[in-house]
Amino acid sequence: MAKGRIEVLEQYCKSCGLCVAACPVKVLRISEKTNAKGYRPVEQFKEGCIGCAMCATTCPDAAIEVFKIQE
Amino acid sequence: MSEVKVYERPKSWMPNVSSHYCPGCGHGIAHRLVCEVIDELGIQNDTIGVAPVGCAAMIYDYMDTDYCEAPHGRAPAVATGLKTVRPDKIVYTYQGDGDLASIGMGEIVHAANRGQNITVIFINNAIYGMTGGQMAPTTLLGQKATTCPLGRDAKVNGYPIRVSEMLATLPAPGYITRVTVAQPKYIIKAKQAIKKAFQNQVEGKGFSLVEVLSSCPTNWGMRPVEAFDWLISSMMPYYPLGDFKDFD
């Protein structure tokens, strides 16, 4: 059961990869898509997000919103 | 089952704006922390920032608070003026190391020495970013830059300046600390320090300076994650984190 979820605001992402390195459960990767600026935005590619917000804490462009799922 | 938003873009961050910073630049993280602190303290309508010259010169495009641009290095002098005529406002400067530690060294020393009730956010990334990677006063010994291509040599270029330690020798300034934005655990501490620095001003305690160790992936010639690893392995031993002075 997923404990959290992220929403990537793709127009702001610059694919620096800091969130990919910061994610403790390693559910993030740089996607194959391209945004308006020509960067490849990050995406959650598998289940297991715990909603810790480490990705958002390290994001220089405030491009990640984090949700915690409560039972 | 319900969802709770645990993180969203700060309200004082300009909506629908993407910064001009390079991917992985520490400035973005530092801007965001300042925005979050302004939101948490509820001082968005009472804050006046003073922008530096350097990469962060366009900070007024990213923060939805009042802003004033200062000539190179003169942000503490401009902030002193603003705070003097509007003591009810929260005035802070956001300066890089080329701005604060080089041309603006005189201004920051005297503002600190007067114990001005302002907050200074000092971004130290050991290089001149906007102008193309020249040596800064804070460039480490042996570190390469376009104006010291063989690495900084103490005999020719002198030693890197530890601004926080130097200012902490003065009697007047109240809160001087060094933090970094290299990893989430440090970023959380950095936010606490920035919040304290603003809180001090709200309470009228006096001069607060937060030195933020940051990266410049483009001019260091590294990927963003590598750059922060280098920061931890090379910069942090020379620039130790911690409080150098506190009001309490």
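Below, each value reflects all heavy atoms present in this structure, side chains not excepted, and no hydrogens, waters or symmetry copies.
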Peer 1: Which heavy-atom pair separates Pro237(B) from Pro240(B) by the least distance, and what is that distance?
Peer 2: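 Reported closest heavy-atom pair: O-CD, 4.3 Å.
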Peer 1: With a 4.5 angstrom heavy-atom cut-off, is it the side chain or the backbone of Cys52(A) that approaches chain B, or both, or neither?
Peer 2: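 When you check distances to chain B, no heavy atom of Cys52(A) falls under 4.5 Å.
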Peer 1: Using a strict 4.0 Å threshold on nitrogen-to-oxygen distance, state whether Arg29(A) and Glu43(A) make a salt bridge.
Peer 2: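 Looking at Glu43(A) together with Arg29(A), the answer is yes, because their closest N to O distance falls below 4.0 Å.
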Peer 1: Which atoms of Val17(B) come close to chain A, meaning under 4.5 Å heavy atom to heavy atom: side chain ones, backbone ones, both, or neither?
Peer 2: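 The backbone, not the side chain.
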Peer 1: Which heavy atom in Pro60(A) sits nearest to a heavy atom in Arg32(B), and how many Å separate them?
Peer 2: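 Shortest heavy-atom contact: N-NH1, 4.4 Å.
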Peer 1: Counting heavy-atom pairs under 4.5 Å to chain A, which of Ser2(B), Gly24(B), Cys35(B) comes out on top?
Peer 2: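 Most heavy-atom pairs under 4.5 Å with chain A: Ser2(B).
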Peer 1: Heavy-atom distance under 4.5 Å to chain A: side chain of Glu8(B), backbone, both or neither?
Peer 2: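 For Glu8(B), heavy atoms of backbone and side chain both lie under 4.5 Å from chain A.
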Peer 1: Does Phe244(B) have Arg162(B) sitting over its ring (NZ/CZ under 6.0 Å from centre, angle to axis within 45°)?
Peer 2: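 No - Arg162(B) does not lie over the ring of Phe244(B) by the 6.0 Å and 45° rule.
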Peer 1: Decide if the gap between the ring center of Tyr21(B) and the ring center of Tyr62(B) is smaller than 6.0 angstrom.
Peer 2: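 Yes; Tyr62(B) has its ring centre under 6.0 Å from that of Tyr21(B).
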Peer 1: So does Asp66(B) pair up with Lys89(B), basic N to acidic O under 4.0 Å?
Peer 2: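 Result for this pair is no, no salt bridge flagged.
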Peer 1: At a heavy-atom separation under 4.5 Å, does Ile6(A) approach chain B through its side chain, its backbone, both, or neither?
Peer 2: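 Looking at Ile6(A), nothing touches chain B.
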Peer 1: Given that the side chain runs from C-beta out, which part of Ala56(A) has a heavy atom under 4.5 Å from chain B: side chain, backbone, both or neither?
Peer 2: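 Backbone plus side chain of Ala56(A), per the 4.5 Å heavy-atom cut-off to chain B.
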Peer 1: Pick one of side chain, backbone, both or neither for Glu7(A), based on which atoms fall under 4.5 Å of a heavy atom in chain B.
Peer 2: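 Neither part; nothing is under 4.5 Å.
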Peer 1: Looking at Tyr186(B), Phe228(B), Tyr7(B), Trp13(B), which has the largest count of heavy-atom pairs under 4.5 Å with chain A?
Peer 2: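 Answer, by heavy-atom pair count under 4.5 Å with chain A: Tyr7(B).
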